[in-house]
Amino acid sequence: MRASTSSAASAAEPPAGPSGEAARAEAGSFERIVGSERGAAYRRFIDWSVGEGFTLAVVEIRRPAQREALAEATGAVVPRLCIARLASVGARSIRTLLEEVCPSPAEVSMLMLTHLEESHDAGRICAELNVHRDELARRFAVPWVLVVHPAAALALQRDAPDFCDFAGLWLPEEPDEGAEPLLEQALHAPAASSGSTVRLSPDVTMTPKDLLSLAHEAVVLGHVDQAADLLAQYDMKHPDARTQDARRVHMDGLLLGIRGHLDEALTRFHAALELCHGDGDRPTIAALLEEIAHVRMTQGDFTAASHLAQQALELFEQLGDQRNRAASMSQLSTIELGLGNDEKALQLAREALKLSEELGDQVGRSRSLYNLSNIEKRNGNHAKARELVLESLRISDMLEDRNGQFVSLYHLATLAIHQGNYVEARERLREALELSEEMGNAMYRSAALHARATVEWREGNPAEARELWRESLKISEALGAKEIQAGALVSLGRLEAVQGRLKHGLALVREGVGIFKELGGSNLPEAREILRKLESLSAADVPG
């Protein structure tokens with residue numbers, strides 16, 4: 001289907017074209033714009049084709065600046081050049097657009113079509129070119145040059161194969177023009193938080209003595225519907241508790257947070273704090289500080305989260321509450337990792353694991369193993385990370401701990417993505433998404449969709465990846481989960497840019513980088529590097 005650059009460039013030199021010697025000298029810029037071999041082939045196409053009726057050349061160009069430069073250089077050589085920007089077609093037919101830009105084909109020397117990749121209706125355009133190719137070739141019986149982004153060129157071959165057969169010359173992109181670093185560049189996947197962090201280590205070997213304790217244990221293990229049923233039973237016996245009892249108000253905050261209503265959850269937690277300060281309930285104060293820290297972390301404010309978690313940890317230490325002290329260190333480890341303080345995160349996770357093992361606390365042990373796995377992954381120790389998270393998942397399965405199961409499955413999926421094992425990644429994410437839906441946990445769903453999008457992107461399914469990132473972005477925006485939101489913006493923007501919609505992609509990536517900058521998290525350097533690479537694609541320079 002594609003005529004090779006080398007065969008076109010090695011053909012015999014034709015006589016000077018209608019533009020004359022001055023125009024041929026100007027055409028030397030073709031080599032500067034698209035490289036020596038492609039430039040020479042393109043120049044020959046012009047010399048041979050102008051005045052000879054319909055023929056088609058397809059030129060793949062990735063950088064918008066190169067596209068504009070090629071159009072300008074062609075216009076200097078072909079004075080009666082008409083340019084049709086396909087992105088502006090709207091609801092019109094292709095023929096209508098071409099008639100607007102080229103009302104008198106007999107008075108035109110060449111027709112150039114550009115910006116297919118920037119159209120929101122590229123599929124329809126390709127199909128129309130395919131179906132009406134003969135009619136269009138007769139109506140506009142002049143040489144056509146289709147300047148197209150490589151990604152759009154693939155869509156053209158898929159959706160307009162008959163039209164592509166018209167191509168007498170097809171110049172694929174130069175090998176060094178690609179964006180492979182962008183294809184491989186990826187942010188650290190956002191660490192899936194293990195849901196509620198207060199008393200993440202209930203003693204599951206002991207039977208709680210009241211409905212509130214039972215409801216709290218159900219939330220910790222991710223059985224949200226069961227927790228809601230238990231709270232309904234409690235409310236029947238204690239009708240004033242939802243406004244007067246700090247523990248009951250706290251539970252409302254937990255359920256709101258799980259369902260993604262973060263601001264409402266904070267309101268309930270602060271209301272519970274007010275009740276606690278009135279009676280000096282220090283254990284519940286410490287637990288609430290942990291929960292507020294967790295919400296702040298979810299919103300991406302790791303600095304505020306760290307400050308609150310430190311306060312909670314100090315209170316648990318003063319109270320001698322070793323179980324919750326271990327849970328608090330585990331959460332603080334996740335926060336420090338988000339801040340990029342890997343060594344501190346590692347130290348806290350190890351201390352939390354040691355204490356949980358001394359206490360025989362399986363829930364706490366599972367959380368600590370997960371945290372350690374995430375740190376090992378960050379440091380590139382993927383085999384060790386997998387070993388740790390598999391043990392965490394084993395414990396969570398044994399305890400029927402849905403929160404633990406989700407974060408472990410998610411983490412295993414991200415490890416599989418890194419290793420290129422997309423079959424395992426898809427299966428792990430399928431299970432994780434099912435759990436997120438069972439729990440009604442929008443945060444989990446958003447994170448899992450983000451990872452699914454990455455799988456689709458890596459496997460060469462940009463349309464599917466785009467929809468998944470858009471859905472993840474929509475959820476994270478509604479939740480106020482800024483880290484996931486920023487990651488989705490950067491990933492979606494990178495996809496749009498690599499697919500040829502560079503201006504739109506740059507805007508999305510810049511927005512994501514702005515959020516990461518506001519958060520000050522560990523993903524900022526990587527996001528900035530993606531932005532730098534995209535900006536280099538949009539730079540006004542051309543090869544030369």
### Message
For the CZ atom on Arg350, are there more than 12 heavy atoms of other groups (residues, nucleotides or ligands in this structure) within a distance under 6.0 Å?
### Response
no
### Ion pair Glu535/Arg532, N-O distance below 4.0 Å
no
### Message
With a 6.0 Å cut-off (strictly less than), is the heavy-atom count around CD of Glu343, excluding the residue itself, greater than 12?
### Response
no
### Query
Of the non-hydrogen atoms in Glu438 and Asp225, which two are nearest, and what is the gap between them?
O-OD2, 4.4 Å
### Message
Quick check: closest heavy atoms across Ala312 and Ser328, and the distance to 0.1 Å?
### Response
C-OG, 4.2 Å
### Task
Answer whether the closest heavy-atom distance between the side chains of Met236 and Leu211 falls below 4.5 Å.
no
### Message
Under 4.0 Å between a side-chain nitrogen and a carboxylate oxygen: does that hold for Arg268 and Glu264?
### Response
no
### Message
Please determine whether the number of non-hydrogen atoms from other residues, nucleotides or ligands lying under 6.0 Å from atom NE2 of His238 exceeds 12.
### Response
yes
### Query
With no hydrogens and no angle check, is any side-chain donor or acceptor of Glu391 less than 3.5 Å from a backbone partner on Leu369?
no
### Query
Does the side chain of Leu489 reach to within under 4.5 Å of the side chain of Gln485, using non-hydrogen atoms?
yes
#### Entry: Test item: Leu288 and Cys276 side chains (from C-beta on) under 4.5 Å apart, heavy atoms
yes
### Query
Can a donor-acceptor pair be found between the side chains of Arg282 and Gln318 at a distance below 3.5 Å?
yes
### Query
Considering only heavy atoms from C-beta outward, does the side chain of Asp361 approach that of Gln322 to under 4.5 Å?
no
### Query
His382 side chain to Ala416 main-chain N or O, any donor-acceptor pair under 3.5 Å?
no
### Query
Hey, is the main chain of Met329 close enough, under 3.5 Å, to the side chain of Ser333 for a donor-acceptor pair?
no
### Query
Do Lys533 and Ile530 have side-chain heavy atoms sitting under 4.5 Å apart?
no
### Task
Verify side chain to side chain donor-acceptor pair (under 3.5 Å) between His270 and Glu274, making sure each step is shown before the conclusion.
CA-CA 6 Å; His270 283 295; Glu274 287 296 321; over 6 Å; no
### Message
Tell me the closest heavy-atom pair linking Ala326 and Ala352, and the distance in Å.
### Response
O-CB, 3.5 Å
### Query
Any chance CD of Glu400 has more than 12 other-residue heavy atoms, nucleotides or ligands included, within less than 6.0 Å?
no
### Query
Are any of the side-chain heavy atoms of Asp245 and Leu275 separated by less than 4.5 Å?
no
### Query
Any side-chain donor paired with an acceptor under 3.5 Å for Glu290 and His294?
no
### Message
Treating Thr243 as the side-chain partner and Asp240 as the backbone partner, does any N or O pair qualify as donor plus acceptor under 3.5 Å?
### Response
yes
### Message
Other residues, nucleotides and ligands only: do more than 12 of their heavy atoms fall within 6.0 Å of CZ on Arg501?
### Response
yes
### Task
Could you check Gln405 against Arg402 for side chain to side chain donor-acceptor pair (under 3.5 Å), going step by step and ending with a plain yes or no?
CA-CA 5 Å; Gln405 288 171 327; Arg402 287 178 170 178; 5.5 Å; no
### Message
Donor-acceptor check, side chain of Thr454 to backbone of His450, threshold 3.5 angstrom: yes or no?
### Response
yes
### Task
Ignoring hydrogens and angles, tell me if any N or O in the side chain of Asn371 forms a donor-acceptor pair with the backbone of Ser330 under 3.5 Å.
yes
### Query
Between the main-chain N or O of Glu464 and the side-chain N or O of Asn461, is there a donor-acceptor pair closer than 3.5 Å?
no
### Message
Under a 3.5 Å distance rule, please check whether Asn381 uses its side chain to pair with a backbone N or O of Lys384 as donor and acceptor.
### Response
no
### Message
Less than 4.5 Å apart, side chain to side chain, heavy atoms only: is that true for Leu353 and Arg365?
### Response
yes
### Polar contact flag, side-chain donor to acceptor under 3.5 angstrom, Gln347-Glu351
yes
### Query
Does the pair Asp281/Arg247 count as a salt bridge with the N-to-O cut at 4.0 Å?
no
### Message
What I'd like to find out is whether the side chain of Val407 reaches to under 4.5 Å of the side chain of Arg367, using heavy atoms alone.
### Response
no
### Message
Below 30° counts as parallel, above 60° as perpendicular, anything between as tilted: where do the rings of Tyr370 and His411 land?
### Response
perpendicular
#### Entry: Met439 versus Phe406, closest heavy-atom pair with distance
CE-CB, 4.2 Å
### Task
Could you tell me whether Glu427 and Arg430 have a side-chain N and a carboxylate O separated by less than 4.0 Å?
yes
### Message
Would Arg394 and Leu390 count as a side-chain contact (heavy atoms from CB on, under 4.5 Å) here? Give the steps.
### Response
CA-CA 6 Å; Arg394 185 193 67 78; Leu390 282 171; over 6 Å; no
### Message
Could you report the tightest heavy-atom contact between Gly300 and Leu519, atom names first, then the distance?
### Response
O-CD2, 2.9 Å
### Message
Under a 3.5 Å distance rule, please check whether Asn403 uses its side chain to pair with a backbone N or O of Val219 as donor and acceptor.
### Response
yes
### Query
Just checking, any donor-acceptor pair under 3.5 angstrom between side chains of His115 and Arg67?
yes
#### Entry: Distance-minimising heavy-atom pair for Val455 and Ala425
CG2-CB, 3.9 Å
